[in-house]
Asker: 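Structure provided below as C-alpha cells; questions to follow.
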Amino acid sequence: MFKDFTTTEINKVMDEAWQAFHIYRKMSLKQRADFMRSIAIEIENCGDALIKTAMQETNLPGLRLKTEKTRTIFQLNSYAAFCESGQWLDARIDTADSNRNIPKPDIRKMLVPLGPVVVFGASNFPFAYSTAGGDTACAFAAGCPVIVKAHPAHAATSEMVANAIMNAAVLCNMPKGLFTHVHGASVEVGETLVKHPYTKAVGFTGSFAGGKQLFDWGNQRKEPIPVFAEMGSVNPAFLLPDKMKTSAADVAKLYAASITQSVGQFCTNPGIIIGIESNDLETFKNVLSAEIKKVAPAAMLNSGIYKNFIDKREKALKQDKVKIVVTNTDLPDVGTTNADIMASPTIATTTAKNFISNSLLHQEVFGPYSIIVCCEDMNEMKQVALNLEGQLTSTLMATEDDIKNNEALVEAVKNICGRFILNGVPTGVEVCLSMQHGGPFPATTDSRFTSVGADGIRRFARPIAFQNWPDNLLPDELKDDNPLGIRRTVNSEL
Ligand code: NAP
C-alpha cells in the first residue's frame, strides 16, 4: 500500500532535516511547546477514523486504542509543559572569581539538541510509542527534527498521525523538513536512516534482534551516535513466603490479569514468576490456572508476532524439565477473522536449578506466557535473581518482614532493574517525571535514560559549557537576570 523510500529519497529527507535543525534549534522553548500542543489537537481532530484504522491494522480493541490515544495526547501536552519550564536543560552557573590565587573563570552549562533523530515505530503501541509517541515528543522538546520509520504493521495509522503532525507544523510555521514520515518494509530503509551522517540519534522499541542491530549500526558509523533501544524484558516477579502465607490467591488473580492483558503484548509483561515450593505456591498455581482458564485465546497484533509467539513458546516448552501448568485452547467463535493468529494463554513451570542452568528459559516469549520458577529455599531464590539479565522492571510481592529478613535477595533483585515494584504488577507504566522505563542491558542499550516520562527529553540533548562569555552573548537560559525564569543552579545553589 505504501512504497518503500529509496536511498535518493532518504538523502533528500535527511538534507531537509539538517536544514530544519539549524532553524528549529534556535526556536524558543515556548515555540516548541506550542508545536507539540498543536500536534495533540490535530491528533484529537482525527476523530474515530483514526481508532477504526488502528483497530483494523492491529486487532487491538477500540477501548484500549482510545486509552492509548489519550495517553499519547497527555504525553505531548505534559512533555510540552516540561519543555517550556526549562527544568530539563540542567542549567548551571559558576561565576568567576578573579581574586582566587588561580583566577576562576565564569562557566555556564546547559543542554543543547543533538540533531535529527530517527524514530522507529513500535508494533504493540501504534500511538504511544509510534509516530507521535514518546520518542518523537521528547525529540521535538529537545529541539531536534524527527524522521519516523513507520512500522509496516500499522502503516495507515502511522500515516494519519503523520498528517496530523504535518498539519501542526504548518499551523505553527515550522521549517520544512522538521518532521518526515518514511515508509519501509525492508530493513534497508532503517539501515540507511541509521547510517546517514545527518542522523544524530535513534529511538526504538521492539525486539532484541532489531534493537541490537540498530545499536551496532549506530556504533559502527564513522561518527558513532547514541541508539536508545528498548528491547523488552521478562520482568521477574518474586513471591516471598510471608506475603504468600496470607495472599497467594489474591496474588494469583492479580497476575493472571497482568499476564493476559492485551494478549500479553507488553514489554512489561510478567514473564517469570519465582516462588518457594510450599502449599502456598500450590494455592497460587491452582488459582492462577483457574483464572487463566477463564481467558479465551485472542488475536495477536499480526501474523509475524503470532508466529514468534508460537515458535518461542514451543521452544521453551520443549526444554528439559519444563512442564505446562495450564493453557487455554478453547477458541472463541470468531468465524474466519483472525482465526489463524489466536494466542492461547499459557503458564509453564520448572525448577530453579533447571532455570539457572538453561538461559533459553530466561528469554522473552512475547505474548500471554509466563514460567513459574520453583525454588527450594530463599538462597535458591537469590541465586535466580543473581543469574537474571537486565530488566525493565522487577517486582517483589512481600511483607515488610519479608524485606527486612532477605536483604541480600532484595539487593540482587534491585540491581537488575530500572523500576522496582513492591506488591503490584509491572504492566501499566505511569507517564510522569519520576518514571524510569529503561533498565540494564539487554532490556535497553543505555540504562541511564528513560523512554517514558519527560526525563526522556535528555536522551536527545548534550551538555555544552560556555566559558568566559559576556552576558549579552550568552543564550537567554544562562544570562545573569534569568529572562526565561527557569530553574538553575547558581554557585552550587538551586
Ligand atoms: P521488531 O522486529 O523489533 O521491529 C520494530 C521496528 O524495527 C520495525 O519498524 C522494523 O522495521 C525495525 N527493525 C527490526 N529489525 C530491524 C533490522 N534488523 N534492521 C532494520 N530495521 C529493523 O519488532 P516487531 O515487528 O514489532 O515484532 C517482532 C517481535 O519483537 C515480536 O514478536 C516480539 O517478540 C518483539 N517485540 C517486543 C516488544 C517489547 O516491547 N518487548 C515490542 C514489540 C515487539 P521492519 O518491520 O521494516 O523490518
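Counting starts at 1 for both ligands and their atoms, following the listed order. In this chain, residues are counted from 1 in sequence order. What you see is a predicted model; the values in this text were computed from it and never measured. Below, all heavy atoms of this structure are taken into account, side chains as well, without hydrogens, waters or symmetry copies.
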Asker: Looking only at protein heavy atoms, which one is nearest to atom 10 (C) of ligand 1, and what is the separation?
Answerer: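 Protein heavy atom with the smallest distance to atom 10 (C) of ligand 1: Lys149 NZ, 4.1 Å.
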Asker: Are any of the heavy atoms in Ala122 under 4.0 Å away from ligand 1?
Answerer: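 No, Ala122 has no heavy atoms under 4.0 Å from ligand 1.
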Asker: Are Lys315 and Asp311 within salt-bridge range, i.e. N to O under 4.0 Å?
Answerer: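 No salt bridge links Lys315 with Asp311.
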Asker: For atom 1 (P) of ligand 1, which candidate among Ser123, Gly210, Ser186, Ser207 provides the closest heavy atom?
Answerer: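 Ranked by closest heavy atom to atom 1 (P) of ligand 1, first place is Ser207.
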Asker: Taking atom 32 (O) of ligand 1 as the reference point, report whether a protein heavy atom occurs under 4.0 Å from it.
Answerer: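 Flag for atom 32 (O) of ligand 1 set to true, protein heavy atom closer than 4.0 Å.
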Asker: Would Phe266 count as a contact residue for ligand 1, given that I'm defining contact as a non-hydrogen atom of the residue lying under 4.0 Å from a ligand atom?
Answerer: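 Contact check Phe266 vs ligand 1: negative.
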Asker: With only distance considered, is Ser233 within less than 3.5 Å of ligand 1 through an N or O on each side?
Answerer: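 Ser233 vs ligand 1: no N/O contact under 3.5 Å.
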Asker: Taking only heavy atoms of Asn308, which atoms of ligand 1 are found under 4.0 Å from at least one of them?
Answerer: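 Listed by number with element: 28 (C), 29 (C), 31 (C), 32 (O).
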Asker: Could you check atom 48 (O) of ligand 1 against the protein and tell me its nearest heavy-atom contact, residue, atom and distance included?
Answerer: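 Ranking protein heavy atoms by distance from atom 48 (O) of ligand 1, first comes Val187 CG1, 3.9 Å.
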Asker: Do me a favour and list the nearest non-hydrogen protein atom to atom 12 (C) of ligand 1 with residue, atom name and distance?
Answerer: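 Looking only at protein heavy atoms, the one closest to atom 12 (C) of ligand 1 is Phe120 CD2, 3.9 Å.
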Asker: Please work out, at 4.0 Å between heavy atoms, whether the side chain, the backbone, both, or neither of Trp217 comes within that distance of ligand 1.
Answerer: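 The side chain, only.
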Asker: Report the relative orientation of the aromatic rings in Phe2 and His183; use parallel for angles under 30°, tilted for 30 to 60°, perpendicular for over 60°.
Answerer: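 If you compare the ring of Phe2 with that of His183, the planes turn out parallel.
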Asker: Taking all non-hydrogen atoms of both residues, which atom of Asn328 and which atom of Pro297 are closest, and how far apart?
Answerer: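 Smallest interatomic distance, heavy atoms only, reads O-CG, 3.2 Å.
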Asker: For Ala185, take its heavy atoms, then give the atoms of ligand 1 lying under 4.0 Å from any of them.
Answerer: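 So the atoms of ligand 1 that pass are 47 (O).
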Asker: Assess whether salt bridge (charged side-chain N to carboxylate O under 4.0 Å, His left out) is satisfied between Lys414 and Glu411, documenting all intermediate values.
Answerer: CA-CA 5 Å; Lys414 184 171 79 180; Glu411 277 306 303; 3.1 Å; yes
Asker: What's the shortest distance from atom 8 (C) of ligand 1 to any protein heavy atom, and which residue and atom give it?
Answerer: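 Sorting protein heavy atoms by distance from atom 8 (C) of ligand 1 puts His151 CD2, 3.7 Å first.
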Asker: Thinking salt bridges, do Lys12 and Glu9 make one under a 4.0 Å N-O criterion?
Answerer: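 Here Lys12 does not pair with Glu9 in a salt bridge, since their nearest N and O are not under 4.0 Å apart.
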Asker: With a 4.5 Å cut-off on side-chain heavy atoms, are Ile347 and Tyr255 touching?
Answerer: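 No, every pair of side-chain atoms sits at 4.5 Å or beyond.
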Asker: So, Lys312 and Glu364, do they make that salt bridge, N to O below 4.0 Å?
Answerer: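 Salt bridge: no.
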Asker: Ligand 1 versus Asn124, non-hydrogen atoms closer than 4.0 Å: side chain, backbone, both, neither?
Answerer: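 Side chain only.
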Asker: Using the rule given for salt bridge (charged side-chain N to carboxylate O under 4.0 Å, His left out), can you reason through Lys176 versus Glu16, listing the C-alpha separation, both sets of side-chain angles and the distance that settles it, and then say yes or no?
Answerer: CA-CA 7 Å; Lys176 186 172 183 292; Glu16 285 173 359; 2.8 Å; yes
Asker: I want to know if ligand 1 touches Gly184 in the polar sense, i.e. an N/O pair below 3.5 angstrom.
Answerer: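 Yes.
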Asker: Over all heavy atoms of both residues, which pair between His362 and Asn387 is shortest? Give the atoms and the distance, please.
Answerer: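 So the two residues come closest at CE1-O, 3.5 Å.
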Asker: Without placing hydrogens or testing angles, list every side-chain donor-acceptor pair under 3.5 Å for residues 141-149, not counting sequence neighbours.
Answerer:
from	atom 1	to	atom 2	distance (Å)
Lys149	NZ	Gly184	O	2.9

Asker: For atom 40 (O) of ligand 1, what is the closest protein heavy atom, and at what distance to 0.1 Å?
Answerer: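 For this ligand atom, the closest protein heavy atom is Cys267 CB, 2.8 Å.
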Asker: Of all the atoms in ligand 1, which lie at a distance below 4.0 Å from a heavy atom belonging to Gln213?
Answerer: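 Contacts of ligand 1 toward Gln213, numbered from 1: 18 (N).
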Asker: Any atoms of ligand 1 less than 4.0 Å from a non-hydrogen atom of Ile305? List them with their elements.
Answerer: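 Those atoms are 27 (O), 31 (C), 32 (O).
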Asker: Is Asp446 salt-bridged to Arg459, going by a charged N under 4.0 Å from an acidic O?
Answerer: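 Not counted as a salt bridge, because no side-chain N and carboxylate O are separated by less than 4.0 Å.
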Asker: Looking at atom 5 (C) of ligand 1, what's its closest protein heavy atom, distance included?
Answerer: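 Closest protein heavy atom to atom 5 (C) of ligand 1: Phe204 CE1, 3.7 Å.
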Asker: Around atom 46 (O) of ligand 1, find the nearest protein heavy atom and jot down its residue, atom name and distance.
Answerer: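 For this ligand atom, the closest protein heavy atom is Pro152 CG, 3.2 Å.
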Asker: Check the angle between the aromatic planes of Tyr129 and His437 and answer parallel, tilted or perpendicular using the 30° and 60° thresholds.
Answerer: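 It falls in the tilted class, 30° to 60°.
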Asker: Checking contacts here: is it the side chain or the backbone of Glu364 that comes within 4.0 Å of ligand 1, counting heavy atoms only? Could be both or neither.
Answerer: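 It is the side chain that gets close, since no backbone atom is under 4.0 Å.
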Asker: Quick one: do Arg71 and Glu68 make a salt bridge, cutoff under 4.0 Å?
Answerer: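 Judged by the 4.0 Å cut-off on N to carboxylate O distance, Arg71 and Glu68 do not form a salt bridge.
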Asker: Among protein heavy atoms, which sits nearest to atom 38 (C) of ligand 1, and what does the distance come to when rounded to 0.1 Å?
Answerer: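 Scanning the protein heavy atoms, the shortest distance from atom 38 (C) of ligand 1 goes to Phe366 CE1, 3.4 Å.
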Asker: Using heavy atoms and a threshold below 4.0 Å, how should the contact between Leu214 and ligand 1 be classified: side chain, backbone, both, or neither?
Answerer: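 The answer is the side chain.
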